[in-house]
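Down below is the structure, laid out as structure tokens.
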Amino acid sequence: MPTILGQNQYGKAENRVVKITRDGDTHHIKDLNVSVALSGDMDEVHYSGSNANVLPTDTTKNTVYAFAKEYGIESAEQFGIHLARHFVTSQEPIHRARIRIEEYAWERIETSDANSKFIGADEVKHSFVRKGQETRVSEITYDGENWQVISGLKDLVVMNSTNSEFWGYVKDKYTTLKEAYDRILATQVSGRWRFNWTDDEQRMPNWEKSYEQVRKHMLQAFAETYSLSLQQTLYQMGARIINNRAEIDEVRFSLPNKHHFLVDLEPFGLKNDNEVYFAADRPYGLIEATILRDGVEPRIPVDMTNL
């Protein structure tokens, strides 16, 4: 039975690039992990092995590093836009470029007045400590006419130590879980949000400000929602983002419920008044949903495993 070639793409994955911007004695860091995927007229390389339309993956790697110098890295999204536009417009066989970026944040180390005199400087502005709260992510796709920009984060762990309940659920013969009227609610947020900026005629968002504001609204919603379920909290987080950020039309969250179970201290003659918990890492409930601006079609993949 004859076979045909289906969807295909190629590129160089996980190009680690660190860009240092020196503003006098003050330095700034952008630390990215950039993956490039290209697709287009690539049938022949699969059928016959002809590389006539193939831009080497090594070239895509070199382009990432060269662009870090030529354009700088204002934001992960802007850097991805430069790359995607270049690959599609400079190579006729390439019809679509997808750039995926992880960004690792650093913050400046504050030094003491006493310490600075030993190194002969009044202030130290070139020492950093890696932030460990979350990894920022973005995906930029360009087909020569239309853009799709999806930003987000992963591995942001949050907790409410009260103002969370879980009761009134379905019970059958296998149900052993007791209803909770005061529980810990904790999760490790993986979230993506899609911008409604799709072509060069539109005003481009301020990518850095947008990320900061989305993160702020998401965390405020988590903290300020009296939760009867993680689903309710998830919806409030997404709705708060869309209601406050006009540049975003769609939000998708994947929230594992990081369970905390009260430890039975009665065998030791102690009363556990919502004070001592066992934190279980698995199995865990996994709550996922998409929140949309009214009238908008969803485009963020339901399975974000490889997004």
Side-chain angles (χ1 to χ4, degrees), residues 5 7-23 28-46 49-105 135-153 192-211 247-248 299-301 306-307:
L5 178 68
Q7 191 278 338
N8 62 90
Q9 60 194 32
Y10 79 103
K12 188 73 83 175
E14 300 202 27
N15 301 282
R16 283 300 306 274
V17 55
V18 177
K19 175 67 167 63
I20 307 296
T21 302
R22 292 173 167 82
D23 182 12
H28 307 275
I29 293 179
K30 281 291 187 179
D31 185 352
L32 307 183
N33 188 22
V34 182
S35 294
V36 177
L38 309 175
S39 56
D41 291 334
M42 299 296 160
D43 288 7
E44 201 55 42
V45 66
H46 291 86
S50 170
N51 292 312
N53 287 348
V54 175
L55 183 72
T57 64
D58 189 67
T59 303
T60 68
K61 175 204 70 177
N62 294 340
T63 305
V64 169
Y65 293 113
F67 272 37
K69 170 63 177 178
E70 292 184 51
Y71 294 99
I73 302 176
E74 176 185 322
S75 67
E77 290 84 356
Q78 186 65 64
F79 189 61
I81 288 168
H82 283 311
L83 288 169
R85 191 192 306 276
H86 166 77
F87 290 124
V88 172
T89 59
S90 68
Q91 302 294 326
E92 185 175 347
I94 296 173
H95 300 164
R96 183 176 181 268
R98 186 198 68 202
I99 312 297
R100 287 176 172 168
I101 301 176
E102 295 180 338
E103 178 175 350
Y104 312 113
T135 299
R136 180 174 169 178
V137 297
S138 57
E139 177 181 289
I140 300 92
T141 306
Y142 183 53
D143 63 5
E145 294 183 3
N146 298 309
W147 295 94
Q148 178 174 276
V149 179
I150 298 173
S151 294
L153 55 80
R192 304 291 186 274
W193 45 91
R194 181 172 57 83
F195 292 87
N196 49 39
W197 179 80
T198 57
D199 66 70
D200 290 314
E201 299 301 316
Q202 295 175 265
R203 182 179 178 181
M204 190 177 294
N206 181 325
W207 306 110
E208 296 291 273
K209 180 179 179 181
S210 181
Y211 180 84
E247 72 273 24
I248 293 169
R299 295 181 184 173
I300 299 175
N306 294 312
L307 182 62

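Heavy-atom basis, side chains included; hydrogens, waters and symmetry copies ignored.
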Original post:
What pairs with Thr198 under side-chain hydrogen bond (donor to acceptor under 3.5 Å, both in side chains), at least two apart in sequence or on another chain?
Top reply: Gln202

**OP:** Could I get the full list of side-chain hydrogen bond (donor to acceptor under 3.5 Å, both in side chains) partners for Ser138, not counting sequence neighbours?
**Re:** none

Original post:
Quick one: does Asp143's side chain have a donor or acceptor within less than 3.5 Å of a partner on Asn146's backbone?
Top reply: yes

If we only count heavy atoms from C-beta on, is the [X] to [Y] side-chain gap below 4.5 Å?
{"X": "Ile248", "Y": "Pro205", "result": "no"}
{"X": "His28", "Y": "Asp23", "result": "yes"}
{"X": "Thr141", "Y": "Arg96", "result": "yes"}
{"X": "Trp197", "Y": "Glu247", "result": "no"}
{"X": "Tyr10", "Y": "Val45", "result": "no"}
{"X": "Lys19", "Y": "Tyr71", "result": "no"}
{"X": "Asn15", "Y": "Asn33", "result": "no"}
{"X": "Arg192", "Y": "Arg194", "result": "no"}

**OP:** Sequence neighbours left out, what passes ring pair (Phe, Tyr, Trp, His ring centres under 6.0 Å) with Tyr142? Give chain and number order.
**Re:** Trp147

Over 12 foreign heavy atoms within 6.0 Å of [atom1], [X]:
{"X": "Glu14", "atom1": "CD", "value": "no"}
{"X": "Glu70", "atom1": "CD", "value": "yes"}
{"X": "Glu102", "atom1": "CD", "value": "yes"}

**OP:** Please test Leu153 against Val137 for side chain to side chain contact (heavy atoms under 4.5 Å, CB included), starting from the C-alpha separation and ending with a verdict.
**Re:** CA-CA 5 Å; Leu153 55 80; Val137 297; 5.5 Å; no

Which donor-acceptor pairs under 3.5 Å do the side chains of residues 78-87 make with protein atoms, sequence neighbours left out?
| residue | atom | partner | partner atom | Å |
| --- | --- | --- | --- | --- |
| Arg85 | NH1 | Asp200 | OD2 | 2.9 |
| Arg85 | NH2 | Asp200 | OD1 | 3.1 |

If you round to the nearest 0.5 Å, how far is [atom2] of [Y] from [atom1] of [X]?
{"X": "Arg98", "Y": "Leu38", "atom1": "CZ", "atom2": "CG", "answer": "9.5 Å"}
{"X": "Ser210", "Y": "Phe195", "atom1": "OG", "atom2": "CZ", "answer": "3.5 Å"}
{"X": "Thr21", "Y": "Ile73", "atom1": "OG1", "atom2": "CD1", "answer": "8.0 Å"}
{"X": "Ser75", "Y": "Leu32", "atom1": "OG", "atom2": "CG", "answer": "9.5 Å"}

Minimum heavy-atom distance [X]-[Y], with the two atoms named:
{"X": "Gly152", "Y": "Tyr211", "result": "O-CE1, 3.5 Å"}
{"X": "Thr60", "Y": "Gly11", "result": "OG1-C, 4.4 Å"}
{"X": "Ile101", "Y": "Ala76", "result": "CD1-O, 3.2 Å"}
{"X": "Lys209", "Y": "Asn206", "result": "N-OD1, 3.1 Å"}
{"X": "Met42", "Y": "Asn53", "result": "CE-O, 3.1 Å"}
{"X": "Val36", "Y": "Val64", "result": "CG2-CG2, 4.1 Å"}

**OP:** List for me each residue that meets salt bridge (charged side-chain N to carboxylate O under 4.0 Å, His left out) alongside Glu208, sequence neighbours excluded, and say none if there are none.
**Re:** Lys30, Arg136

Original post:
Which pairs pass salt bridge (charged side-chain N to carboxylate O under 4.0 Å, His left out) with one or both residues in residues 50-61, sequence neighbours excluded?
Top reply: Asp58-Lys61

